[in-house]
Enquirer: 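One structure follows; several queries about it will come next.
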Amino acid sequence: MNNFTYIRPATLRDAATQLGKEHGKVMLLAGGTDLLGEMKDDLRVPERLVAIKHLRELQGIRPGRGGVRIGAATSLVDVVESADVRRQAPLLAMAAEKVGTPQIRNMATIGGNLCQRPRCWYYRNNYPCFKHGGNVCYSATGENDFHAILEGGPSYIVHPSDTAPALVALGATVRISTGGRERSVPIEKFFVSPKQDPTRENILQPNEILTEIEVPAAPAGSKAIYVKEMVREIWDFALCSVAAMVTTKGGVVEDARIVLGGVAPFPYRALKAEAALKGKRLDQAAAADAGAAAVEGARPLAKNAYKVPLTQATVARALLSLA
Ligand SMILES: Cc1cc2nc3c(=O)[nH]c(=O)nc-3n(C[C@H](O)[C@H](O)[C@H](O)COP(=O)(O)OP(=O)(O)OC[C@H]3O[C@@H](n4cnc5c(N)ncnc54)[C@H](O)[C@@H]3O)c2cc1C
């Protein structure tokens, strides 16, 4: 690991003034569960680290616009255990509880979980791929067992976050600050497709900090579930995951939000599956149809075709459990 300067600012504005306009030189340190590992492996070599986990402006869970507002530096364990989150947006608590281990959830923040880098082994082994500024994705023709089946190319990473699909299903909004200027973005637009820019996974500029996630209350009459398939049950990243929220009236589906994790470079909204459900009774046939619709257009690589039936079945099972 290279030497670096550690900065512990007193306020959000102080933190923001430390950030430059260039990617890579100055980095924000939240819980460190991703960034420090990357630094130890020389994947990232910042000159300065700006700590933000202690900043009061980024802490805590507050009521807001009928739902909850979660500071970006709130730990995942606080999200899981929050009575407000469990009442207003139980889908998020379910997903956050699936992240890693208790130790990881104690250290990791929700902002860091959304901004973490991909787990692709070529990236993590410092191959000169798109993510490291190169112009090739080694997984496209290499070891691609855990890579994207949807929306892949030119990079085939999958987005590793468990909270991201849940937040997209819930229609959350993120707040982003430069210290002086703020902007709010629907979380669906926070993530970047590799077709837009294969070097990064979100829209944050080098001088921006994710400050807050605003989560609207789940609609009345809705039910939701987060299902995650892993190689190892004890902890692992998702082979595929499904965040599903279904609102029914008189036994008929009025609205559905189905978002997939672990199968695309960003949380993938399965719009065809949502459309397939609307206006139907949520029974076995409707769940199976939605499962099939969810993987329409999938283009598996040489070693990950198993993800197509896995995802199809996981969507159907998740939906059926809400019936
Ligand atoms: C053993 C292990 C198991 C794991 N399992 C899972 C899992 O099952 N599911 C899952 O989703 N994740 C998993 N993870 C990843 C883990 O959840 C993330 O490492 C963690 O959420 C990152 O949060 P952090 O606060 O530690 O971020 P850090 O490591 O501090 O930062 C991560 C990145 O986000 C940036 N960042 C952090 N906060 C902000 C902010 N507010 N604004 C802008 N940029 C910011 C940092 O600059 C850095 O680039 C696992 C990690 C480990 C080590």
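Counting from 1, the numbers follow the sequence of the chain as shown. Every value quoted in this text rests on a predicted model; they were computed, and no experiment measured them. Just follow the structure's listing: the first ligand is 1, and inside any ligand the first atom is 1.
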Enquirer: Name every donor-acceptor pair, under 3.5 Å, that has one atom in a side chain of residues 244-259 and the other anywhere in the protein, sequence neighbours excluded.
Expert:
residue : atom : partner : partner atom : Å
Arg257  : NE   : Ala169  : O            : 3.0
Arg257  : NH2  : Val168  : O            : 2.7

Enquirer: Please check if any side-chain donor atom of Thr178 sits under 3.5 Å from a side-chain acceptor atom of Asn207, or the reverse.
Expert: no
Enquirer: Is ligand 1 under 4.0 Å from a heavy atom in the side chain of Thr211, in the backbone, in both, or in neither?
Expert: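 None of Thr211 does.
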Enquirer: Should we say atom NZ of Lys98 is surrounded by more than 12 heavy atoms from elsewhere, each under 6.0 Å from it?
Expert: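 Not more than 12 within 6.0 Å, no.
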Enquirer: If we set the cut-off at 4.0 Å for heavy atoms, which region of Ile104 has an atom near ligand 1: side chain, backbone, both, or neither?
Expert: side chain
Enquirer: One residue to check: Pro160. Relative to ligand 1, which of side chain, backbone, both or neither has a non-hydrogen atom less than 4.0 Å away?
Expert: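 For Pro160, only backbone atoms sit under 4.0 Å from ligand 1.
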Enquirer: Considering Gly37, Gly31, Ala72, Gly100 one by one, which has a heavy atom nearer to atom 7 (C) of ligand 1 than any of the others?
Expert: Gly100
Enquirer: What part of Leu36, side chain, backbone, both or neither, has a heavy atom within less than 4.0 angstrom of ligand 1?
Expert: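 It is neither part, as no heavy atom is under 4.0 Å.
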Enquirer: Between Glu97 and Lys228, is the closest basic N to carboxylate O distance under 4.0 Å?
Expert: no
Enquirer: Could you identify which residues cluster with Met1, counting Ile, Leu, Val, Met, Phe, Trp and Tyr as linked when any side-chain heavy atoms lie under 4.5 Å apart, either directly or through a chain of such contacts?
Expert: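 Phe4, Tyr6, Met27, Leu29, Leu35, Leu36, Met39, Leu49, which link up through side-chain heavy atoms under 4.5 Å apart, make up the rest of the cluster.
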Enquirer: Can a side-chain donor-acceptor contact be found between Tyr226 and Asp162 if the only test is distance below 3.5 angstrom?
Expert: yes
Enquirer: With the threshold set at 4.0 Å, does a side-chain nitrogen-carboxylate oxygen contact exist between Asp34 and Arg119?
Expert: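 Counted as a salt bridge, because a side-chain N and a carboxylate O are separated by less than 4.0 Å.
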Enquirer: Identify, by atom number and element, the atoms of ligand 1 in contact range of Lys228, meaning under 4.0 Å from any of its heavy atoms.
Expert: 7 (C), 8 (O), 9 (N)
Enquirer: For atom 48 (C) of ligand 1, which of Met230, His159, Glu38, Arg44 has the closest heavy atom?
Expert: Arg44
Enquirer: With respect to atom 28 (P) of ligand 1, which of Ala108, Ala15, Gly32 exhibits the smallest heavy-atom separation?
Expert: Gly32
Enquirer: Looking at Ala30, which atoms of ligand 1 are within less than 4.0 Å of one of its heavy atoms?
Expert: 25 (O), 30 (O), 37 (C), 38 (N)
Enquirer: Considering non-hydrogen atoms of the protein only, which is the closest contact for atom 3 (C) of ligand 1, and what is the distance?
Expert: Trp235 CZ3, 3.3 Å
